[in-house]
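One structure is given here, and the rest of the page talks about it.
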Number of protein chains: 2
Amino acid sequence: MADTHKTKQSDTKTRILDEAEKLFAQNGFKNTSISLLARKAHVNQAAVNYHFGSKGALVEQVISRRISPIDRQRMANLQAIEETATRQGRPPAIEDLLRAYIEPAFILTETAPGEKWFLVIAGRAFSEPDETIRNVFIRHFEPAFLLLVALMKEALPGLSDAVLRWRLHFVLGALSHAMRLCGSHRLPVASAPPPDTTETVVRHLVAFLATGMDAPDDAEHE
Amino acid sequence: MADTHKTKQSDTKTRILDEAEKLFAQNGFKNTSISLLARKAHVNQAAVNYHFGSKGALVEQVISRRISPIDRQRMANLQAIEETATRQGRPPAIEDLLRAYIEPAFILTETAPGEKWFLVIAGRAFSEPDETIRNVFIRHFEPAFLLLVALMKEALPGLSDAVLRWRLHFVLGALSHAMRLCGSHRLPVASAPPPDTTETVVRHLVAFLATGMDAPDDAEHE
DNA sequence: GTCTATAGATTGATAGAC
DNA sequence: GTCTATCAATCTATAGAC
């Protein structure tokens, strides 16, 4: 079949992507060299540039390969909630919105064997010093996050715009940190939380964050 | 006076530290070269290694210079709360504990002119891919965080150990993200929160996190 | 303490044979 | 598509004059 070449290429590309994901998670983008990646992936050094053009393009593909499904699932979840809310004529529930946004990141990275490397990579998105790379994440994250903001506004009509946006960024911060913790076994500090199933972590996150979102606005203290 | 040399040295060292802090915040540790740093700080390239020995040692000093006062203030705040609680024979308040831990990071970085670069650096602590650097942060953060854990246990005796530690890590995540947002004017995503005074951000953080810490434990759902 | 000059290693990317 | 060989740039660190 004509697939012979395609399969061969596909295997090599996939092997490079998988190994790059692992090394990027372990050592960061800048600290991972093409030569080390080629060695670990059992491919020739020149093959990496042949298949991806440049290191920057490789980074972009490693990220978008996993983020795209996560983002689609987030949008689908949020839109389903939006439709239900419209049909029932009442605002969506805070817990439902948070779970709709949070869960896909954990579920869709669960398939990979061993450590969930992409959780570590995505958990570093907002800390990435390289603006080009940071923008890759932002471009993917933006639509679903904006929809989350809009729906959360319906769920919490009494909250001021500024407070709502600060709180949703606290959500992003807690989520990012939890993703890094779940993706790697390295302890970031003493007294790290115990290893837990994905569902347990998501439930802890949602319970904590939903209560925080619903806290009384303290604007009157100013 | 014999201070002439000392002052000269001190000026150079301080100028290097200040410029390094800014560049590390803007571009990360790995992406900041000694030659660029020397150029921006108006010192000779060899002077950097003369004063600090190596790049790694410079990184360590940039971090510890700011973290040490923050850590001391955190410990002092928490110990004061502990004493008051002991004297009054009742557990400390969640809000007080969180504010005691959170506030020093924002207050003690406020003195620097312009952008608060160290907030960006410290906000990336748990995302740092280089284990050596990550351990510098952890070594400094550990004592105050452990004390926070212990006191929070007294404030929330009904919470299981696992849930308490997960929630305190959600606190660390939200705090880190807020620090990055406050330290830099770059928008990490659309719908970023508005620029606010330090005190306002701290109050938003404490209100959100204290309510989350106090959420009912959902362990019975398992 | 500050400078010039440079060693020594590593990097991303490419040219060209097969 | 895969290989070897190599280029050009960049980096940290140091040696040695002043």
Side-chain angles (χ1 to χ4, degrees), chain A residues 1-63 128-133 136, chain B residues 1-63 128-133 136:
Chain A
M1 293 207 288
D3 265 350
T4 308
H5 293 96
K6 214 174 175 183
T7 302
K8 209 177 198 176
Q9 168 184 1
S10 186
D11 277 357
T12 303
K13 280 192 81 166
T14 303
R15 203 160 62 247
I16 293 174
L17 282 172
D18 288 343
E19 194 60 40
E21 184 176 61
K22 180 176 173 181
L23 288 173
F24 288 159
Q26 289 176 325
N27 308 320
F29 298 116
K30 184 76 181 184
N31 287 283
T32 302
S33 70
I34 304 288
S35 71
L36 174 67
L37 167 59
R39 207 177 323 133
K40 293 265 193 176
H42 306 291
V43 301
N44 187 274
Q45 185 164 164
V48 178
N49 278 320
Y50 171 80
H51 283 289
F52 296 93
S54 72
K55 186 181 176 180
L58 167 65
V59 168
E60 177 139 7
Q61 286 206 37
V62 167
I63 296 171
E128 177 58 45
D130 187 317
E131 193 175 9
T132 308
I133 300 180
V136 174
Chain B
M1 292 207 287
D3 265 350
T4 308
H5 293 99
K6 211 174 177 185
T7 303
K8 206 175 200 177
Q9 168 185 1
S10 186
D11 277 359
T12 303
K13 280 192 81 166
T14 303
R15 203 161 60 248
I16 293 174
L17 281 172
D18 288 343
E19 194 61 41
E21 184 175 61
K22 180 176 172 180
L23 289 173
F24 288 158
Q26 289 175 326
N27 307 320
F29 299 115
K30 183 75 179 185
N31 287 285
T32 302
S33 69
I34 303 289
S35 71
L36 174 67
L37 167 60
R39 207 178 321 132
K40 294 264 193 177
H42 306 291
V43 301
N44 187 273
Q45 187 165 160
V48 179
N49 277 319
Y50 171 79
H51 283 289
F52 296 93
S54 72
K55 187 181 177 182
L58 168 65
V59 169
E60 177 140 5
Q61 285 205 37
V62 167
I63 295 171
E128 176 57 47
D130 187 316
E131 193 176 8
T132 308
I133 299 179
V136 175

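So that the names make sense, note that chain A is the first sequence line, chain B the second, and so on, each numbered from 1.
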*asked:* Assess the residue pair A:I63 and A:F29 against the criterion (side chain to side chain contact (heavy atoms under 4.5 Å, CB included)); give the C-alpha distance rounded to whole Å, side-chain angles, the decisive distance to 0.1 Å, and a yes or no.
replied: CA-CA 11 Å; A:I63 296 171; A:F29 298 116; 4.1 Å; yes
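- When the P atom of C:dT10 is taken as reference, atom NZ of A:K55 falls 15 Å away, rounded to whole Å.
- Note: CZ (A:R15) to C1' (D:dG1) measures 12 Å, nearest angstrom.
- Qualifying side chain to side chain donor-acceptor pair (under 3.5 Å) partners for A:N49, counting only residues two or more places apart in sequence or in other chains: none.
- Looking at residues two or more places apart in sequence or on another chain, you find a side chain to side chain donor-acceptor pair (under 3.5 Å) between A:E60 and A:R139.
- Remark: B:K30 pairs with A:K30, A:N31 by the side chain to side chain contact (heavy atoms under 4.5 Å, CB included) rule, at least two apart or across chains.
- Atom pair B:F29:CZ and D:dT12:P shows a separation of 14 Å (rounding to whole Å applied).
- When distances are taken from the side chain of B:Y50 to each of D:dT12, C:dG12, C:dT2, the shortest belongs to C:dT2.
- As rounded to whole Å, 16 Å separates atom P of C:dA13 from atom NE2 of A:H51.
- Counting to the nearest Å, the P atom of C:dG1 and the CD1 atom of B:I16 are 11 Å from each other.
- Residues from residues 31-48 of chain A lying near DNA chain D, meaning a heavy-atom separation below 4.0 Å, are A:N44, A:A46 in numerical order.
- In this structure, CG of A:L23 is placed 12 Å from P of C:dT11, rounded to the nearest angstrom.
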Expected list for residues 35-43 of chain A: side-chain donor-acceptor pairs under 3.5 angstrom, two or more places apart:
{"residue": "A:S35", "atom": "OG", "partner": "A:S33", "partner atom": "OG", "Å": "3.3"}

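- OP1 or OP2 of D:dA13 lies within a sub-4.0 Å distance of a side-chain N or O belonging to B:N49.
- Dashed line: the shortest gap from a side-chain N or O of A:T12 to OP1 or OP2 of D:dT2 is under 4.0 Å.
- For the side chain to side chain donor-acceptor pair (under 3.5 Å) test, no residue two or more places apart in sequence or in another chain qualifies with B:S54.
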